[in-house]
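One structure below.
Treat the numbers as computed from the prediction; the structure is a model and nothing was measured.
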Amino acid sequence: MKKFKIIAIFLCIFLLSACSLNVKTKGGGALDGGVFVTNNKGDVWQQMPYIPTISGTPGSIATADVEELTIDPSDSGAVYLTAIGDGLYYTYNVGRGWNKVLALPGDITVNDLAIDNKNKCIFYVAHDN
């Protein structure tokens with residue numbers, strides 16, 4: 001099962017490396033962008049856009065223009081999402097939602113992310129210019 005989840009994550013990264021998921025309806029509202037995961041070899045895909053909030057109503061990355069997904073090499077459950085004009089998000093449990101990195105300005109474009117090989121709690125970001 002763990003091997004299958006890793007394959008699904010790599011499939012998502014492959015798909016997102018060629019394009020961003022920013023799907024709009026004809027009326028201009030967001031339809032179903034963000035990140036999708038599968039637990040049954042691709043038969044059914046489930047959207048994973050939610051961000052927990054204090055209000056109890058979840059936020060969403062469904063309108064985020066995803067730049068890159070990075071998986072921590074020492075922890076396959078740790079996934080980092082960089083977004084154009086929307087900062088950096090992370091999850092430690094794929095399928096349970098995203099958290100925004102609040103230490104960065106919220107409206108920056110994160111172009112790349114690298115995780116320290118010796119300490120997975122340290123990561124480096126390249127943003128804007």
**Report entry** Pairs involving residues 54-78, ordered by first then second residue, that meet ring-ring contact (aromatic ring centres under 6.0 Å, His included) (sequence neighbours left out)
**Finding:** none
Query - D75: salt bridge (Lys or Arg N to Asp or Glu O under 4.0 Å) partners, not counting sequence neighbours - result: K120
Report summary line: Residues passing the side-chain hydrogen bond (donor to acceptor under 3.5 Å, both in side chains) test with T53, sequence neighbours excluded, are S55
Query raised in the report: Shared ILVMFWY cluster between V37 and V66, side chains joined below 4.5 angstrom?
Result: yes
Report task. Kindly give the cluster partners of Y124, where membership spreads through any ILVMFWY side chain lying under 4.5 Å from a current member. Result -> I122
Query raised in the report: With a cutoff of under 4.5 Å between side-chain heavy atoms, which Ile, Leu, Val, Met, Phe, Trp and Tyr residues group with V44?
Result: none
Query raised in the report: Do the side-chain N and O atoms of T38 and N40 include a donor-acceptor pair separated by under 3.5 angstrom?
Result: yes
**Report entry** Distance (rounded to the nearest 0.5 Å) between Q47 CD and S60 OG
**Finding:** 6.0 Å
**Report entry** Connected-component partners of V110 among ILVMFWY, side-chain separation under 4.5 Å
**Finding:** Y80, L88, Y90, Y92, V101, L104, I108, L113, I115, F123, V125
Report task. Please check if the side chain of T109 supplies one atom and the backbone of G85 the other of a donor-acceptor pair under 3.5 Å. Result -> yes
**Report entry** Closest non-hydrogen atom pair, W98 against P52
**Finding:** O-CD, 2.9 Å
Query raised in the report: Would you say the side chain of L81 lies within less than 4.5 Å of the side chain of V35, judging by non-hydrogen atoms?
Result: yes
Report summary line: Between A83 and A64 the two heavy atoms that sit nearest each other are CB-CB, 4.4 Å
**Report entry** Pairs satisfying ring-ring contact (aromatic ring centres under 6.0 Å, His included), at least one member in residues 56-79, at least two apart
**Finding:** none
Query raised in the report: Any side-chain heavy atom of K100 sitting closer than 4.5 Å to one from I61?
Result: no
Query - Y89 vs V79 side-chain heavy atoms within contact, under 4.5 Å - result: no
Requested in this report: Using the salt bridge (Lys or Arg N to Asp or Glu O under 4.0 Å) rule, collect all pairs that involve residues 104-119, keeping only residues at least two apart or in two chains.
Outcome: none
Query - Value rounded to 0.5 Å, distance of CD in E68 from CD1 in I84 - result: 11.0 Å
Query raised in the report: For residues 51-60, which residue pairs qualify under salt bridge (Lys or Arg N to Asp or Glu O under 4.0 Å), counting only residues two or more places apart or in two chains?
Result: none
